[in-house]
There are 2 protein chains.
Amino acid sequence: MSTAVCAVGRPRSFDMDSALEKALEVFWIKGYDGASLSDLTEAMGINKPSLYAAFGNKEQLFLKAIELYENRPCAFFYPALQQPTAYKVAEHLLQGAAESMADQNHPHGCVIVQGALSCSEAAASVKEALITKRREGELDLCARLQRAQQEGDLPDNVDPAVFARYLGTILQGMAIQATNGATQDELLQVAHLTLQNFPKK
Amino acid sequence: MSTAVCAVGRPRSFDMDSALEKALEVFWIKGYDGASLSDLTEAMGINKPSLYAAFGNKEQLFLKAIELYENRPCAFFYPALQQPTAYKVAEHLLQGAAESMADQNHPHGCVIVQGALSCSEAAASVKEALITKRREGELDLCARLQRAQQEGDLPDNVDPAVFARYLGTILQGMAIQATNGATQDELLQVAHLTLQNFPKK
DNA sequence: TTAATTTTATACCAGACGGTATAAAATATT
DNA sequence: AATATTTTATACCGTCTGGTATAAAATTAA
């Protein structure tokens, strides 16, 4: 494990997890291209050799920050998929997104959506990693909707792949809205309007 | 006018409009932060002093490229608002977005959405300009929906501001989807599903 | 106490960044 | 033909980029 302490040698003088949290915040606000190593080391309270020894390089630091992002206690996507009905899954996804993306306790929007969207060639591999994450999320949502259909929980005339893409589109759009300055209430209105149109039997 | 030819002095050896088109394409793919002056001058086929003489600086070049983007013949947003009914407005917006954002003839997505979303401090003013453009678009759509309501064209129980935000969220989400690699057909399915839920009298 | 090990801080690397000074080249006017 | 004007190409500016070599500092093991 990367956070394991070494018995021998000079002990690390910073906490890797909280340093990674700071790095995540910088990437979240500035994106991969826009976040410089100076931005990162300053926010993390360490210097560059410590960063490289602990996290590898900028790209690996970003990927580890994304991992932290997905495993945060307040991450909403995968927990929402565990709701018992398709409607409740959609409800938790949409309300979770509305609450999370305009939360005042951390940067607005979604780092997986915005971290490397239009970017330099130096960020190409990171961009691909984020695209893969977004598509995986949509595939997992699609699988959840397929299960719901088998359970008689979602009308048969609904195409799970299309509906998953539709919901994914709205979730991703909410990230932009949050960057636009939309409030939680405004995003919740979008969530409710979407749920209002949820396919009925 | 900035494209006016000067009678006196050495004539410009490149076409400003087509150079601006090339710049737009670079910004579209790489974003403001990710597009370097070398990227731009190479694509435009000119050198830096020519770029600065003709367009000011990187920021002004970006803003002029965005202006070109909005005034392209294939721009769909404002033409869609001129459709005679609220439904047709939504239809043209959604289908226009689906066709435009996954068009193989130019970069995918939307430069107004992606050009400077999460970005460095150097891009802050450009980011603000794009946020303003996105909000203005939504306000204009809201005004169009209000008119539709007055014309008895949109049910009274619909809040135009919320519905405009909902549509804006989907359009912006489609830009992300296009970057994810979604095809025109896949985006059209999202458009159709959205229209299927269009509020009825 | 010494040796081995790891992290720290500083200082540095080559290259890229946005932007510009300079002077030659190309035109219209006189 | 000479002059004024504008654009061109080259070469350069200081600053920042991601990344690293080096050596001192801090710890455990012997």
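So you know, we letter chains A, B, ... as the sequences are listed, proteins then strands, and number each from 1. Worth knowing before you read on, the calculation uses all heavy atoms, side chains too, and leaves out hydrogens, waters and symmetry mates.
With rounding to whole Å, B:N57 atom CG is found 16 Å from C:dC17 atom P. Here the P atom of nucleotide D:dC16 and the NZ atom of B:K58 are 15 Å apart, to the nearest Å. Rounding to whole angstrom units, CZ of residue B:F14 and C1' of C:dA26 are separated by 15 Å. One atom, CG of A:L40, and another, P of D:dG18, lie 8 Å apart when rounded to the nearest Å. At whole-Å resolution of the value, CZ in A:R12 and C1' in D:dT27 are 14 Å apart. One can place CG of A:L51 at 14 Å from C1' of C:dT8, the figure rounded to the nearest angstrom. If you take CZ of A:F55 and C1' of C:dT7, they are 14 Å apart, rounded to a whole angstrom. Atom pair A:L61:CG and D:dG19:P shows a separation of 10 Å (rounding to whole Å applied).
Contact of the A:M174 side chain with the A:T194 side chain is not registered, since no non-hydrogen atoms from C-beta on lie closer than 4.5 Å.
Counted by atom type alone, A:N47 and A:S50 present one or more donor-acceptor pairs between their side chains at under 3.5 Å. A side-chain donor-acceptor contact under 3.5 Å links A:R165 and B:Q189.
Under 4.0 angstrom from either OP1 or OP2 of C:dC17 there lies at least one side-chain N or O belonging to B:S38. Look at B:S36 and you won't find any side-chain N or O under 4.0 angstrom from OP1 or OP2 of C:dA16.
Side chain of A:R10, nearest nucleotide from D:dG18, C:dT8, C:dA26: C:dT8. The nucleotide whose nearest atom lies closest to any side-chain atom of B:S13 is, among D:dT8, C:dT6, C:dT27, D:dT8.
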Full working for salt bridge (charged side-chain N to carboxylate O under 4.0 Å, His left out) between B:K30 and A:E121: CA-CA 8 Å; B:K30 301 195 171 186; A:E121 276 139 22; 3.0 Å; yes
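Note: B:F163 and B:F198 meet the aromatic proximity criterion, with ring centroids under 6.0 Å apart.
One distance of note links NZ of B:K22 with CZ of B:F14; it measures 14.5 Å at 0.5 Å rounding.
Near DNA chain C, defined here as any heavy-atom distance below 4.0 Å, the residues from residues 41-50 of chain A are A:N47, A:P49, A:S50, listed numerically.
With DNA chain D read from its 5' end, the first of the two nearest nucleotides for A:D33 and B:A53 is the one closest to B:A53.
No option in B:Q150, B:Q149, B:E151 other than B:E151 meets the side chain to side chain donor-acceptor pair (under 3.5 Å) test with B:R147.
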